[in-house]
Amino acid sequence: MRRALPALVIAAACVAASAQITWTPIFLDGSSQVDLWTQSSTGCACPGGIGEDCACCVRDGACPCGDIAPARCAQCGLEQYCANMCNITIDSRILKTKSGKTFGQIKSPSIEGPGSCSYLLQPDAGQRVEIQLYRLVSVGRFNGSSCVGGWIQLGGATAVKSAGGAAETRLCGANERYSPPVVLFADHGASTLEFRITEKTVRSQFLAFFSFTSLSNTQGVGFHPRGGSRIPHTDCDWLYQDVSCRGPGTCVLASPGYPGLYPPHRRCRYLFATNSVNTRVKIIFTSILLPRNHCATDYLSLRAGSSPSAPLLASLCSERTATLEQPGPNLLLEFNSGPLAPPYDYNGFIAKLEFIDRDDSSLPPPTVVPASPPLAALTHLIQNVDRVAAMESNAVSNEVSANNGGRVGCGATVRGYGAGGARSGHFDTRASGWRSQCAIHLLGAPTDVVQVSLFNYNLRLQSCRSHIEVLEGLHDFGGKERGDRSERGDRAVLRVCGPSVREARDPSGRFLLRQAVTSKGANLTILVRRAATQSVDEEEFVDGAFAFHDELHEGTASPDATCAATHYGLASPKHGGVSAPSHHHIFWNIEERLQCSHRFIPAANQSVTIEIQRLDRMWSAEPTGTVGAAGCRTACGDAGCECRANTPLHYHDHIALVAGDGTHLSCLCGDFKAAWLPVVVRSWTSARLEYSVAHYTYASRGFDYAAAYSFNDDAMCGQRTYTTHSGEIASRNVSVTGSLNEFFYQQCTWVLDSNVERQLFIDISSEQDKSCGSWNITLHEWSGSGAHSDGGLAAAAGELLYTFCARHKNHTYTLPWRLNTVVIRLVALSRQQPLYRIRWRSQVVRANNRLGPPTPVPAASAGTSSPTNDISLIFSLLLWVALLKVV
Ligand SMILES: *[C@@H]1O[C@H](CO)[C@@H](O)[C@H](O)[C@H]1NC(C)=O
Ligand SMILES: *[C@@H]1O[C@H](CO)[C@@H](O)[C@H](O)[C@H]1NC(C)=O
Ligand SMILES: *[C@@H]1O[C@H](CO)[C@@H](O)[C@H](O)[C@H]1NC(C)=O
Ligand SMILES: *[C@@H]1O[C@H](CO)[C@@H](O)[C@H](O)[C@H]1NC(C)=O
Ligand SMILES: *[C@@H]1O[C@H](CO)[C@@H](O)[C@H](O)[C@H]1NC(C)=O
Ligand SMILES: *[C@@H]1O[C@H](CO)[C@@H](O)[C@H](O)[C@H]1NC(C)=O
Ligand SMILES: *[C@@H]1O[C@H](CO)[C@@H](O)[C@H](O)[C@H]1NC(C)=O
């Protein structure tokens, strides 16, 4: 035991670092040395001068063990443990004072299992605890997932108490010599090296070196992360932002414990977040060393977005180095580790992070989306293009198009239509040469409005002398306006006064609330006024995004909502198409749920048909981070398609057709199959199509879909009041698409009204054999209670009198005498159009006309009637009864 493993020690001494694993070199003086502190076991004077046959110690830092082990020396300060180095504390400061060294050796006693020894290693400020393990004898074994029978473990000072934890860094082996050594680092202050044998053994032992390694060591062993910030309440997650990583080498990240062995069963996430649209993230993995054949559990993955469900860009495992470069705004690097598996010859990864401002204009410009000719029935505009182009050439401006590779900076004019036009893009005043006065012109087609969203800006001059103005129309500095001549002041849709600073994100990496405006007209100008001179660091600038929105074809844009448009049956084209938002540039700073809605409002005698024709794969992002389509299922039945999920629907990508009153008419998600398409809903009330991306990222942009709509003049469900004493309302066949998933949604209200006393008989018949749930007709008393938010007659329906279901076939309802006004409602959500016939006739008592008091007449529309109606009705009834008695 005394001369344990000198050969190994020497071998280790010759290697400062293997290919990718580094450790603090701890050298022996000569090849005949016994151990780190003993030059030779005999030949030197014994302490106290009694005898000449004691050990010779190395010159530096060693002290003789004395009587307890005359043939050995130990590190000064640890001599008392010569014979039994077990259950001791090694304090960096004391050791340094006594031996002048910050490293040493731990040679455990040879213990008979079960048994244990622990070593508390107390580093000084700015130090890490480093362990180099060379030798294990009868220290348990690895059963494929963990160590059984015994282990060596390095943990925090408190880790001993949680020794049962499965995710501890535990090493074991029956008879192992490690060359290079197994290297472990601990960065949580005082750390405990625990040596524990839980089974019966004859002789269990280990040999290791330790070092209190300075964090400022530049040879790799002093690694500590740079430039990032720990994400609170996480195990090992970090945020790296471009604003804190300026300059090469300012940001460095690595697996936990680098360059030592990393702990098992960990998932560490590194989020890289950019504030600027043109910034790319370059990750230079200078070393990757993961265990061979464990790629299923030990790997790195990079995703395009901040969520673990974002699209996968790269996966690394067996690579030794790699460089990845991706655009922002968010990237997520995830490091996963499985069980700690022998032979412990790996150490994770280290990477440098660079945020690159791309100003290489030779790159293709991904910043601009060309105006797509099919989108526009804009052909009528082409004739205007020449005129506009002529105007442009007169104006002192450099036109930006999708083809010229230019970035949108000062002096740019962006045309939203025609060849070379762009429908959306990013702008940045830093993209062009310095000007104190900067104008960007956005020129839309006549039916366009323009949306502008500001991401970052810096305005320094006080009292608004630096400012940003977003103005309707086309303007230049000096008050002269191109186009029309109204005052600039009135035309401002947004004004930001200096001094003012906005960064797209807060310090925790989250995007700020959007600062966005929508124009009323087709043309918009962004004017920026700045100081005449700028320092490079303090440059005044603004960046953001713009998008043209064609109100004729894409619906009326809601100025307040991020992504909402309304199509009015009377104003918009009778037929059209809608699809996933293409204006993704203005969603650059959205990293969350994105919901876009198209609202369709048919006129009184119209219905709207919405047909989902194409649908891409949708995802579910469960809160736990598991990814897949399994989280949400689509179930189509007689009453439409339904999204079924155990978690709230906003965790799942989905597309839903929703009636004005919130009824879900159809919802598609998850496993939806293309063969089930098209899904068609024909609605006689307003309906909206909701496109919902559970976790939108600029890089992935959500799923695609295409839907067609048409407004039909079918006058079938017009909310009408009939004053005739008899009549008929019958369904009329409407054309069907024949799709398997075609649904009809009707909420019709008719009022039968009379100003004379009568008894009403209402016949309702249907030949359809449908359940009550798919459609039904109800008869109600009239109630004048208030206006409905829909403005319709629905609220006029008072107490329910009768319900007719299709399976009743034919039924005659006799209404109470003198119930002069009746509300008939049809509600349907069904695969088939409800087919029915409603006939009514009245029995009028002539005498009533003369004798009866006037019956209250319900107003033609809800809201004009008052509660007095009910009272006067009761009053008139009483009066009439009284009169009858008199007669
Ligand atoms: C070391 O300390 C532990 C806990 O106090 C004890 O169980 C163990 O027996 C000790 N080891 C030796 C060799 O004394
Ligand atoms: C290995 O040991 C652990 C802890 O005793 C046990 O939970 C696990 O099932 C064992 N695995 C195998 C493959 O035997
Ligand atoms: C937008 O500007 C162009 C060029 O000055 C002009 O021809 C066009 O009429 C303007 N559009 C609107 C809606 O004002
Ligand atoms: C639909 O209503 C509008 C106005 O309410 C009316 O002008 C039009 O003639 C109606 N169309 C039909 C087919 O009833
Ligand atoms: C309406 O359509 C149904 C089935 O599609 C058909 O049986 C019926 O004869 C049609 N009625 C009219 C009035 O066209
Ligand atoms: C009437 O039909 C509607 C729409 O299909 C349904 O929601 C409702 O439950 C039905 N009412 C009854 C009493 O079945
Ligand atoms: C329904 O029944 C009434 C009388 O019971 C009858 O007069 C009417 O013709 C029937 N209608 C249909 C469509 O069967």
Side-chain angles (χ1 to χ4, degrees), residues 81 83-89 108-120 160-161 163 192-198 204-205 381 383-395 397 399 413-418 441-450 471-476 480-486 491 519-525 548 550-552 637-640 659 661-665 683-685 743-748 768 770-780 800 802-808 825-834 836:
Y81 306 118
N84 183 20
M85 203 177 193
C86 180
N87 289 347
I88 65 168
T89 294
S108 81
S110 188
I111 66 173
E112 215 175 280
S116 69
C117 285
S118 71
Y119 307 84
L120 182 64
V160 181
K161 297 183 187 81
T192 304
L193 183 72
E194 203 206 354
F195 169 48
R196 179 178 288 260
I197 306 297
T198 58
S204 294
Q205 196 186 9
L381 284 171
Q383 66 219 46
N384 290 342
V385 171
D386 291 344
R387 197 171 53 77
V388 173
M391 182 206 84
E392 288 312 324
S393 58
N394 293 338
S397 70
E399 174 141 345
T413 294
V414 182
R415 239 171 343 105
Y417 53 90
H441 294 119
L442 304 169
L443 215 74
T447 55
D448 281 346
V449 294
V450 195
L471 303 167
E472 297 269 6
L474 300 177
H475 304 261
D476 274 324
K480 255 182 71 190
E481 194 177 333
R482 297 197 275 155
D484 51 71
R485 304 230 165 271
S486 48
R491 316 231 68 203
S519 71
K520 294 188 183 70
N523 298 330
L524 204 66
T525 304
F548 295 102
D550 175 12
E551 293 220 306
L552 181 64
D638 202 38
D661 63 3
T663 307
H664 266 238
L665 304 177
S683 172
W684 276 262
T685 69
F743 303 100
F744 294 86
Y745 182 66
Q746 272 177 295
Q747 279 226 9
C748 307
Q768 278 180 326
K770 303 293 287 181
S771 72
C772 263
S774 71
W775 68 266
N776 49 64
I777 294 169
T778 48
L779 304 181
H780 302 258
L800 174 71
Y802 301 106
T803 301
F804 173 84
C805 302
R807 58 179 156 74
H808 298 156
R825 296 192 67 194
L826 164 71
V827 185
L829 178 52
S830 164
R831 273 181 198 273
Q832 268 136 41
Q833 186 205 348
Y836 55 87

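Counting starts at 1 for both ligands and their atoms, following the listed order. Just so you know, these numbers use all the heavy atoms, side chains as well, and skip hydrogens, waters and symmetry mates.
Contact residues for ligand 1 (protein heavy atom closer than 4.0 angstrom to any ligand atom): C86, N87, S116.
From N87, atom CG reaches atom CD of E194 across 9.5 Å, with rounding to the nearest 0.5 Å. Interatomic distance, T685 OG1 to L665 CG, rounded to the nearest 0.5 Å: 7.0 Å. Remark: R831 CZ to S774 OG distance equals 11.0 Å, nearest 0.5 Å. Atoms CZ and CD, from F744 and Q832 in turn, are 8.5 Å apart once rounded to the nearest 0.5 Å.
Below 4.0 Å from some heavy atom of C772 lie the following atoms of ligand 6, by number and element: 1 (C), 2 (O), 10 (C), 14 (O). Atoms of ligand 3 found under 4.0 Å from any heavy atom of L474 (numbered from 1 in listed order, with element): 2 (O), 4 (C), 5 (O).
In this structure, the side chain to side chain contact (heavy atoms under 4.5 Å, CB included) partners of T198, at least two apart in sequence or on a different chain, are W151, R196.
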>> side-chain contact (heavy atoms from CB on, under 4.5 Å), that's the test. Do W775 and Q746 meet it? Break it down for me.
In response: CA-CA 9 Å; W775 68 266; Q746 272 177 295; over 6 Å; no
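Judged purely by atom type and a 3.5 angstrom limit, Y119 has no side-chain atom pairing as donor or acceptor with the backbone of F195. With hydrogens and angles ignored, the 3.5 Å screen pairs a side-chain donor or acceptor of T525 with a backbone N or O of G473.
Residue A828 places no N or O, backbone or side chain, under 3.5 Å from any N or O of ligand 6. For N776, a nitrogen or oxygen atom sits less than 3.5 Å from a nitrogen or oxygen atom of ligand 6, counting backbone and side chain alike.
At a 4.0 Å heavy-atom cut-off, ligand 6 touches S774 through the backbone alone.
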